[in-house]
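Chain A is the first sequence line, chain B the second, and so forth, proteins listed ahead of strands; every chain is numbered from 1. Model, not experiment: these values are computed from the prediction.
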Amino acid sequence: MAQDQVITRFAPSPTGHLHIGGARTALFCWAFARKHDGRFLLRIEDTDQARSSEDAAKGILEDLAWLGITWDDGPDFTSDGGTGVTPVRVGGDPRNIGPFYQSQRHDIYNPYFEQLLDAGVAFPAFDTPEQLTAMRKAAESEKRSFIYRRAADFDHAAALERAKTEPHVLRLHMPDTAITVHDQVLGEVTFPHAELDDFVIRKTDGYPTYHFAVVVDDARMGVTHVLRGQEHLNNTPKHIAIQNALGLPTPAYAHMPLIFNPDGTKMSKRDKDKAAKIAVKEAGITTVAELIDRLPQSNRAHQEPILRTFNDTDLAAWLKDKQRQLGRDQVSAVAQALDLTLPEIDVEDFRAAGYLPETLCNFLALLGWNPGIKNADGTDLERFDHAFLASNFDTDRIGKTQSKFDRDKLLAFSADTIQHTLDDATFATLWLEWAERFDEALASWAHNDTTRWQVAVAAARPRAKTLRDARTALAFAFIETDSITYDEKPVNKFLLKGEPTGLDTLADLRTAIASIDPWTPDAIDSFLQAYTQEHSIGMGKIAQPLRIALTGTGVSPGLGHTLTLVGKETTLARIDRCLNTLRQ
RNA sequence: GGUCCCGUCGUCUAGUCAGGUCUAGGACACCAGGUUUUCAUCCUGGUAACGCGGGUUCGAAUCCCGCCGGGAUCACCA
């Protein structure tokens, strides 16, 4: 029966990229709908014209699609999937319940206002903002909270007459009873009438307030279950009051616990600005020129103009004022100048950081929910995919306690997925999708040098924690030989000490290596193997000197892979340079 | 401050609704050891929690009360 079908919704305001907390809300709404063979709808709440933007709305659609959270009713959307490899088409309005942008629904609300006005449940109010502020202040000085109430001798007819000519808002007159929310997570929560005021349902400009719009929209769209963050719990009695006044059904509510930073603060977009500010202060930087100076050469052309969008005065003002924030691009440019990794807050941040959507959703699902299932070996089942969620998720196992976002655990999930679950081919596809969006140099390998790309995949995957991490581990293959600097510690340990010294070994190796053919990982590895036996020395004796010569550090993938990625000619050149530089 | 929500290892949690099988299990992190050409893996072991105080009961992580602590919210923003 159609009426019994579960319908959930996610209704973000488009004020920026999708926040990680919003992603979890969306995921739970989606999973609940899938579990119950219902529908999941997406509505964009863009009535706040000042803060909303078309771009942000698009970004949110893109973020959701990337996460694999697809909506049945909502804005039409085709994701290019970064590369167009996996275009996803979602949305549409098969039930004829749109539009899904709230700003386009303005006229829908009028009959509902009329209904309430006629019933005398809604009433015009003429208080100015100044008057309201004064009333609040008065209440505060008397140490009681301010509750707006319609006057006892209120004359409805007179007010309607006055409303014809004077600017006014519409308020809902709250019935004199407590309101109980039957929450699927928290149980029964009762709000006393003394706390419920006659709140605004239509603003002076004629637009409905958020409370009114959600209730009407949810009802008209057939929403049966509202899953949202616990910050909305206090709004719920208002929504129920509107439903009661309008004679609309009350959906089932489930308020889920909030997600916080490890330090207990709220996860917010401000965290990135805060981190950048602290880093600039600690570096003792006071001028924009200093920042530009520290920009890595590789990205200078792109980032410098962004940094030039503010001057030293702006910088000083920003550093001094905790409230003051830089733009998204500016913060990111500052971070690059300081080689600082910004905390990931939005879905887009995690995408850029090289997390897989499946992994991110898995981790997110565990924040406030748990399947409560054991594996055969007695450990808790906590690794699962979308399909598992879609068939196992329900509100009865949503927890009540707020949780902190533990990046270490997310990173462990990510590493486990990449290293133990994916095969090279799947990893290669995902890595390329990522590179197309975030790393041109890497993407060009995939397109221009298939052999080398495959070696890169084989070298990077077994040791990568994220897609970005995989790229970082191969950084040595992207640099110029002349720009290599040698780490002091490994140089001392592996090149300068011992008898013969590492440098001597390296010099001998240089000649031998020149004869390797073909230049492939397997051939190189077996050659080096044979070399160690011939000279009866441990692999460590040649591996570390070679690593330092090729990468400047003592860390790299296996030698076969490392040498192949660098290339034969460059390998020899780097050994020469290392010998020349360190043998003085 | 009012109202509301929450309180199990450092973190996410299982166990709580239907009190005993809990000398509280798992995962991440951390520590120690082992394997390994570095890194990363992998293997073995270890540290570590029922916020506090009362009550009910033969028996409380689980039920009740108080306290303490954390959080949300108090707009013509959503």
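Between rA32(B) and rA18(B), the two P atoms lie 47 Å apart (nearest whole Å). For the C1' atom pair drawn from rA24(B) and rA61(B), the interatomic distance equals 8 Å after rounding to whole Å. Remark: the separation of the P atoms in rU16(B) and rU11(B) is 22 Å, to the nearest Å. For rG51(B) and rU62(B), the P atoms lie 8 Å apart once the distance is rounded to whole Å. Spacing between rG10(B) and rC31(B) at atom C1', rounded to whole Å, works out to 13 Å. Taking atom P on both rA60(B) and rC64(B), the two are 16 Å apart, rounded to the nearest angstrom. A gap of 15 Å separates the C1' atoms of rC63(B) and rC50(B), to the nearest Å. When the C1' atom is used for both rC12(B) and rC30(B), the distance is 16 Å, rounded to whole Å.
At a threshold of 4.0 angstrom between heavy atoms, the contacts of R43(A) with the nucleic acid are absent. Residue-level contact check: S556(A) touches the bases, meaning some heavy atom is under 4.0 Å from a base atom. Backbone-only contact: R136(A) has heavy atoms under 4.0 Å from sugar-phosphate atoms and none from a base. Residue-level contact check: Y207(A) touches neither bases nor backbone, having no heavy atom under 4.0 Å from any strand. The residue I147(A) sits apart from the nucleic acid: no heavy atom pair falls under 4.0 Å. Among the atoms of the strands shown, base atoms are found under 4.0 Å from some heavy atom of T204(A). At the heavy-atom level, G372(A) lies nowhere under 4.0 Å from the strands shown. Among the heavy atoms of the strands lying under 4.0 Å from D127(A) is at least one base atom, whether or not backbone atoms are also near. If you check every strand for non-hydrogen atoms under 4.0 Å, H420(A) touches sugar and phosphate atoms only. Residue G368(A) is classed as a sugar-phosphate contact, given heavy-atom separations below 4.0 Å to backbone atoms only. Within the 4.0 angstrom heavy-atom criterion, only backbone atoms of the sugar-phosphate kind lie near K266(A); the bases stay farther away. The residue V200(A) sits close only to the backbone: its heavy atoms come under 4.0 Å of sugar-phosphate atoms, none of a base. Within 4.0 Å (heavy atoms only), T47(A) reaches sugar-phosphate atoms of the nucleic acid but no base atom. Nucleic acid contact class of R397(A) (heavy atoms, under 4.0 Å, all strands): sugar-phosphate only.
Applying the Watson-Crick and G-U wobble criteria (two distances, each under 3.5 Å), rC58(B) pairs with rG20(B). Both distances falling under 3.5 Å, in either a Watson-Crick or a G-U wobble arrangement, place rG33(B) opposite rC43(B). If you check rC4(B) for Watson-Crick or wobble pairing at under 3.5 angstrom, you find it paired to rG71(B). Pairing partner, rC76(B): none, since no Watson-Crick or wobble contact has both distances short of 3.5 Å.
Under 3.5 Å, the side chains of T236(A) and R228(A) contain a donor-acceptor pair of N or O atoms. There is no side-chain donor-acceptor pair under 3.5 Å between D487(A) and T553(A). For the residue pair D396(A) and Q184(A), no side-chain donor N or O sits within less than 3.5 Å of a side-chain acceptor on the partner.
Two residues, V555(A) and T190(A), neighbour RNA chain B, and the one matched to the more 5' nucleotide by heavy-atom proximity is T190(A). Comparing N235(A) and R547(A) by the nucleotide of RNA chain B that holds the closest heavy atom to each, the one mapping nearer the 5' end is R547(A).
Residue pairs satisfying the salt bridge (charged side-chain N to carboxylate O under 4.0 Å, His left out) criterion with at least one member in residues 171-197 of chain A, sequence neighbours excluded, are absent. For residues 392-415 of chain A, the pairs satisfying ring pair (Phe, Tyr, Trp, His ring centres under 6.0 Å) are F28(A)-F393(A), F350(A)-F405(A), F363(A)-F405(A), W369(A)-F393(A), with sequence neighbours left out.
L442(A) places a side-chain heavy atom less than 4.5 Å from the side chain of W431(A).
Chain A approaches RNA chain B over the interval rG2(B) to rA78(B), counting the first and last nucleotide 5' to 3' with an atom under 4.0 Å from its heavy atoms.
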Taking only distance into account, with no hydrogens and no angle test, what donor-acceptor pairs under 3.5 Å do side-chain atoms of residues 529-540 of chain A form with protein atoms, sequence neighbours excluded?
unit_1  : atom_1 : unit_2  : atom_2 : d
Y531(A) : OH     : D508(A) : OD2    : 2.4
T532(A) : OG1    : Q529(A) : O      : 2.5
H535(A) : ND1    : Y531(A) : O      : 3.0

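For R270(A), there are no salt bridge (Lys or Arg N to Asp or Glu O under 4.0 Å) partners two or more places apart in sequence or in a different chain. The ring-ring contact (aromatic ring centres under 6.0 Å, His included) check on Y207(A) picks up H106(A), with sequence neighbours excluded.
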